[in-house]
Amino acid sequence: MAILDIKKAGDVVLKQEAAPVERIDKKIRTLLDDMAETMYKADGVGLAAPQVGESIQVVVIDVGEGLLELVNPEIVRMEGEETDAEGCLSVPQIYGDVKRAAKVSVKYLNRQGKRHRITATGLLARCLQHEIDHLHGRLFIDIATNLRKVTK
């Protein structure tokens, strides 16, 4: 496994529409492994392939409930509304308030190519929406209010 370079806001790959994955092969599984390692090393809770320079629909998430690997994720249902603070590994030290659906259902393929569906609330729902936005060339700073710089 390898730690990948996380692209920062301003990099063109972060504004592109990511291509669907046609076939889940060894290259995609290696990317999933490397993305997870990179996310954990950066103390993140989610990472989308465009953030590591790959304009394809691949996402990894771990909000403390175990690693989720999603290929070609698609939100199929949204309910309610919540506003909360968000940050992003591609926009270091910047946080903002983002209005998101309170509950989402997402269909996706796992690393073996099997179809799955997950319904989530709370941080997982927010993270799913944030990472799927990356696949459509949207950063949280495009939709956030009350942007602020936070230094540790």
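The shown structure was predicted, so the numbers you read here are calculated from the model rather than taken from an experiment. Each residue takes its place number in the sequence, starting with 1.
- Taken from CD in Glu54 to CG in Leu31, the straight-line distance is 5.5 Å, to the nearest 0.5 Å.
- Annotation for Gly113 and Ile24: closest pair CA-CD1, 3.6 Å, computed over non-hydrogen atoms.
- Considering CZ of Arg100 and CZ of Phe140, their distance stands at 9.5 Å, rounded to 0.5 Å.
- Note that CZ of Arg111 and CG of Leu32 are 5.5 Å apart. Values are rounded to the nearest 0.5 Å.
- The minimum heavy-atom distance linking Pro50 with Ala18 is given by the pair CG-CB, 4.2 Å.
- How far NE2 of His130 is from CD of Glu86: 6.0 Å, rounded to the nearest 0.5 Å.
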Pair Leu47-Tyr40, side chain to side chain contact (heavy atoms under 4.5 Å, CB included): steps then yes or no = CA-CA 10 Å; Leu47 192 66; Tyr40 290 129; over 6 Å; no
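- The line from CG of Leu147 to CD1 of Ile94 is 7.0 Å long, rounded to the nearest 0.5 Å.
- Each salt bridge (Lys or Arg N to Asp or Glu O under 4.0 Å) pair with one or both residues in residues 134-144, not counting sequence neighbours, appears once here: Lys15-Asp142, Asp133-Arg138.
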Under the side chain to side chain contact (heavy atoms under 4.5 Å, CB included) rule, what do Ile6 and Lys41 come out as? Steps first, then yes or no, please.
-> CA-CA 11 Å; Ile6 297 174; Lys41 176 83 171 158; over 6 Å; no
Take Ile56 and Ile28 through the test side chain to side chain contact (heavy atoms under 4.5 Å, CB included) and record every step on the way to the result.
-> CA-CA 10 Å; Ile56 57 174; Ile28 296 297; 3.6 Å; yes
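- Other members of the cluster containing Ile3 do not exist, because no ILVMFWY side chain is joined to it at under 4.5 Å.
- Of the possible donor and acceptor atoms, one in the side chain of Asp34 sits under 3.5 Å from a partner among the backbone N and O of Ala2.
- Rounding to the nearest 0.5 Å places CD of Gln129 at 13.0 Å from NZ of Lys99.
- In this structure, Ile61 and Leu124 have side chains that are in contact, with non-hydrogen atoms separated by less than 4.5 Å.
- For Asp62, there are no salt bridge (Lys or Arg N to Asp or Glu O under 4.0 Å) partners at least two apart in sequence or on another chain.
- Note: the hydrophobic cluster containing Leu123 also contains Tyr108 (ILVMFWY, side chain heavy atoms under 4.5 Å, direct or indirect links).
- Side-chain N or O atoms of Glu74 include none that pairs as donor or acceptor with a backbone N or O of Lys107 at under 3.5 Å.
- In terms of the salt bridge (Lys or Arg N to Asp or Glu O under 4.0 Å) criterion, Arg29 has no residue partners (sequence neighbours excluded).
- In this structure, the salt bridge (Lys or Arg N to Asp or Glu O under 4.0 Å) partners of Asp97, at least two apart in sequence or on a different chain, are Arg148.
- In this structure, the side chain of Gln51 engages the main chain of Ala48 through a donor-acceptor pair within 3.5 Å.
- Counted within 6.0 Å of NZ on Lys8, heavy atoms from surrounding residues, nucleotides or ligands total more than 12; the atom is thus considered enclosed.
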Kindly indicate, with the supporting measurements, whether the criterion side chain to side chain contact (heavy atoms under 4.5 Å, CB included) is fulfilled by His134 and Val59.
-> CA-CA 9 Å; His134 276 298; Val59 167; over 6 Å; no
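- The existence of a salt bridge linking Asp25 and Arg23 is confirmed by a sub-4.0 Å separation between a basic side-chain nitrogen and an acidic carboxylate oxygen.
- Follow the hydrophobic side-chain contacts under 4.5 Å out from Val52 and you reach Leu89 in the same cluster.
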Contacts table for residues 114-121: side-chain donor-acceptor under 3.5 angstrom, sequence neighbours left out:
from, atom 1, to, atom 2, distance (Å)
His116, NE2, Asn110, ND2, 3.1
Thr119, OG1, Ser105, OG, 2.8

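- When all heavy atoms are compared, the tightest approach of Glu17 to His136 is OE2-ND1, 2.5 Å.
- The hydrophobic cluster containing Leu68 does not contain Val76, counting ILVMFWY residues as joined when their side-chain heavy atoms lie under 4.5 angstrom apart, directly or transitively.
- Val71 and Ile75 fall into different hydrophobic clusters, where Ile, Leu, Val, Met, Phe, Trp and Tyr side chains are chained together by heavy-atom contacts under 4.5 Å.
- No continuous path of hydrophobic side-chain contacts links Tyr95 to Leu139 [ILVMFWY only; heavy atoms under 4.5 Å].
- Here the side chain of Gln57 pairs no donor or acceptor atom with the backbone of Leu135 at under 3.5 angstrom.
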